[in-house]
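Lettering of chains follows the sequences in order, A, B, ..., and the numbering in each one begins at 1. Every heavy atom of this structure was used, including side-chain atoms; hydrogens, water molecules and symmetry mates were not.
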2 protein chains.
Amino acid sequence: MPPVATTTPTGGGPRVLAHPSRDAIRLEDVLHALADPVRLSIVRVLADAEGECSCSVFDAPVSKSTLTHHFRVLREHGVITQTYRGTAKMNALRREDLADLFPGLLDTVLAAARRQEAAGLSAGAGAAAAGATSPS
Amino acid sequence: MPPVATTTPTGGGPRVLAHPSRDAIRLEDVLHALADPVRLSIVRVLADAEGECSCSVFDAPVSKSTLTHHFRVLREHGVITQTYRGTAKMNALRREDLADLFPGLLDTVLAAARRQEAAGLSAGAGAAAAGATSPS
DNA sequence: GCAGAACTACGATGGTCCTCGTACATCGGA
DNA sequence: TCCGATGTACGAGGACCATCGTAGTTCTGC
């Protein structure tokens, strides 16, 4: 919960979104942002896109409000940048900032996510299956 | 919240602690476990120790109950192993399992944590400086 | 100006998490 | 056997989070 600098220059419409400065990005916040399945999938899509993409290309199993919330969390925690572009809002990973602050972190997490998904696809969907819960 | 296998063989005293199997370790859970400052510091100490160490060597600014809670979270999320050794309980990182599931993740996070601490020591403590939080 | 599209803000709800104090269990040793 | 040390379990309180629906704002195009 870093005090995101609400860079609202004029008092009017908040057409400029607040982003934390690079030095204000905290590792715990980034990890927390990445710890949510929905947000992690967003980051994965963004990483594959290799550029900007609007909010509406994501098909997460949540409502639009919730998606907005997750985007905001990602932005306020320094994981992505968001800019208005007409009626759409473009999202992009802060690859440079993150790579500079925490070298390799983003790539490692993304690789781990892909790896886990690949393993999960072959291991069956029932997440409870692996639990074993050995009945004595 | 993975269904940790409650491996309680005999109905009596739970002298054997439940650990998730390697395949049951989820990336989101590991990230969540690492997203807490207290737990991250625990993991850092454990990483520096390069082996087992008891619960009582940590001087986190929390009560003993809370520390126990964090250790349990780390264990149930697959980050550490815990074994009884007399009155003490030894903790150790699951380096192998994590390295196998998510190559480089642990080392990257640990390096990021060290990096952030080093930067934070020179940047001063006043985190609220960048905040501004301009009330519209 | 007006309709539609894209997105946000707000409030509410239910759940999870962090923290703690207190009481209890286990082990080693006197 | 009894005591101290180590650590757990339980319950509670307060904060935070994820989710949603609804209403509102901003921009584009006719």
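Listed here is the closest heavy atom pair of A/Asn91 and A/Ser54: ND2-C, 3.6 Å.
Separating the CD atom of A/Glu76 from the P atom of D/dA18 is a distance of 12 Å, rounded to the nearest angstrom. The CG-P distance, from A/Leu31 to C/dC17, rounds to 16 Å in whole Å. In this structure, A/His32 atom NE2 and C/dT16 atom P are separated by 14 Å, rounded to whole Å. Look at CD on A/Gln82: it is 16 Å from P on C/dA6, rounded to the nearest Å. Counting to the nearest Å, the P atom of D/dC27 and the CG atom of A/Leu17 are 12 Å from each other. When rounded to the nearest whole Å, the span between CD of B/Glu28 and P of C/dC17 equals 14 Å. Between the P atom of D/dA15 and the CG atom of B/Asp36 lies a distance of 18 Å, rounded to the nearest Å. A straight line from CZ of A/Arg85 to C1' of D/dT28 spans 15 Å, rounded to a whole angstrom.
Side-chain contact check for B/Ser65 and B/Thr68: no donor-acceptor pair (N or O, by modelled atom type) lies under 3.5 Å.
Each of C/dT19, D/dC20, C/dC7 was ranked by its minimum atom distance to the side chain of A/Ser54; first place goes to C/dC7. Picking from C/dA9, D/dA18, C/dC18 the nucleotide with the shortest atom distance to the side chain of A/His69 gives D/dA18.
Comparing A/Ser63 and B/Cys55 by the nucleotide of DNA chain D that holds the closest heavy atom to each, the one mapping nearer the 5' end is B/Cys55. Nearest-nucleotide assignment on DNA chain C puts the 5′-proximal partner with A/Ala88, out of B/His70 and A/Ala88. Remark on DNA chain D: of its neighbouring residues A/Val38 and B/Lys64, the 5'-side contact belongs to B/Lys64, judged by nearest-heavy-atom nucleotide.
Remark: of the listed residues B/His19, B/Arg75, B/Arg72, B/Arg75 is the sole one forming a side-chain hydrogen bond (donor to acceptor under 3.5 Å, both in side chains) with B/Gln82.
If you check every strand for non-hydrogen atoms under 4.0 Å, A/Arg39 touches sugar and phosphate atoms only.
The residues A/Arg95 and A/Asp107 are annotated as salt-bridged, a charged nitrogen and a carboxylate oxygen being separated by less than 4.0 angstrom.
A donor-acceptor contact under 3.5 angstrom links the side-chain atoms of B/Ser65 to the base of C/dG21.
Of the possible donor and acceptor atoms, one in the side chain of B/Gln116 sits under 3.5 Å from a partner among the backbone N and O of A/Leu27.
Applying the 4.0 Å criterion to OP1 and OP2 of D/dA5, one finds that B/Thr87 has every side-chain N and O outside that range.
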